[in-house]
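Both counts, for ligands and for their atoms, begin at 1 and track the order of listing. For the numbers below, each heavy atom of this structure counts, side chains included, while hydrogens, waters and symmetry mates do not.
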Amino acid sequence: MIVRPLSLFLFLITLSCFNPTHETTKAVLVIHGGAGWISKESVSDSMEKKYTETLGEALIKGRAVIKQGGSSLDAVQLTIEHLEDSPLFNAGKGSVFTYNETNEMDSAIMDGASGSAGAASGITTIKNPIQVARAVLDHSVHVFLSGLGAEEFAIEQGLEEVDPSYFFTQKNYDRLKEVKVSTTMPTQEKLGTVGAVAIDKNGNLAAGTSTGGMTNKRYGRIGDVPVIGAGTYAENGVCGISATGHGEFFIRNVVAHDIAARIKYASHSIEKAAREVISELKEKGGAGGVIGLDSQGHVVMPFNTPGMFRGYISLDGSPVVAMYAED
Ligand code: ASP
């Protein structure tokens, strides 16, 4: 793979000025860095710059795979690894804490061409949880591994192990302390999960998602991200979807597959299907959003929270990145 100096490209990143539903926009890669209570007032200019740069870098890295004729599955994995390595997002390095002050990560990846999927939950010592999901997809007869079994498998596969302290960030620890005094799950969070959906030159779709879950979650809690059809889904000819939001609602409403089913069985456009599912979710009390691509590469990024870190890139265009509802 050609590694290009990313800084040369960063000035090309466009922030804002687009309609978040993107009825007609086409792309080869779309990403999110989590939905939630993200507003102009809550994000400083310097943080806005960091989010924009990191999301732009991830888009350029992932798109390079597609440009070189690589698979959408590889593009999704590489894009997510980049976001996992950043402390800005709630995945990998920046994962939030459980009530017990541990970091337990979930991940999933799905190949729309073969229908194969890999998922992992309760990861505490593998640097890039998306690699565990990918290894399950590629090298296991199973779809979903959890806890110690998943980590043992990851180590057998040669994935990089880290001390759990690698996942410590002061901001997430402080946030845990704040919400611990409450007996309920925090409802107005900047969620920060990461996800990617890509379509390659052969028209193959893939989707992946990675998360630290929700601050103050009970240890052992598994969210929607690794539940295939809830937080992550891809099917060639239909769509690829990655979700972010309050996982329990996404599981109960099988959000990613519901969007796919509306496209497949009711002939809805991806724009209509995704927008309606996310708006119905809000009526049920579920906060969050999704990103997706259909089989023609049409982009959707609807959300029902004040903001969602998100962006997309076409084969030859500049990265487009946004975070607020009004962008
Ligand atoms: N969906 C994730 C979970 O519930 C959280 C998020 O999207 O930030 O684990």
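Remark: ligand 1 and Gly223 share no N or O pair separated by less than 3.5 Å (distance only, no angle test). In terms of N/O distances under 3.5 Å, ligand 1 is approached by Gly245. For ligand 1, the polar-atom distance check against His246 finds no nitrogen or oxygen pair separated by under 3.5 Å. Between Asp224 and ligand 1, an N or O atom pair is found at a separation short of 3.5 Å.
In the vicinity of Thr244, heavy-atom distances shorter than 4.0 Å reach the ligand 1 atoms 6 (C), 7 (O), 8 (O). Of all the atoms in ligand 1, the ones that sit under 4.0 Å from a non-hydrogen atom of Gly247 are 4 (O). Residue Gly213 has at least one heavy-atom neighbour below 4.0 Å for each of these atoms of ligand 1: 5 (C), 9 (O). Near Met214, meaning under 4.0 Å from one of its heavy atoms, ligand 1 places the atoms 4 (O).
Considering Thr209, Asp106, Asp224 as possible partners of Thr232, the one that fulfils the side-chain hydrogen bond (donor to acceptor under 3.5 Å, both in side chains) test is Thr209.
Looking only at distances, no side-chain donor or acceptor of Asp200 sits under 3.5 Å from a matching main-chain atom of Ser71. Panel note: side chain Asn90, backbone Val96; a donor-acceptor pair is recorded below 3.5 Å. In this structure, the side chain of Lys272 does not engage the main chain of Arg262 through any donor-acceptor pair within 3.5 Å. Glu104 contributes no side-chain N or O that, together with a main-chain N or O of Thr98, makes up a donor-acceptor pair within less than 3.5 Å. Remark: side-chain polar atoms of Ser95 are paired, donor with acceptor, to backbone N or O of Gly92 under 3.5 angstrom.
For Gly231, the heavy-atom gap to ligand 1 stays at 4.0 angstrom or more.
Between Phe168 and Tyr173, the two ring planes are tilted [angle within 30° to 60°].
Thr193 OG1, 2.6 Å is the protein heavy atom nearest to atom 6 (C) of ligand 1.
Looking at Asp163 and Ser165, their side chains do bring a donor and an acceptor atom within 3.5 Å of each other.
For atom 9 (O) of ligand 1, the choice among Arg221, Met308, Lys217 with the nearest heavy atom turns out to be Arg221.
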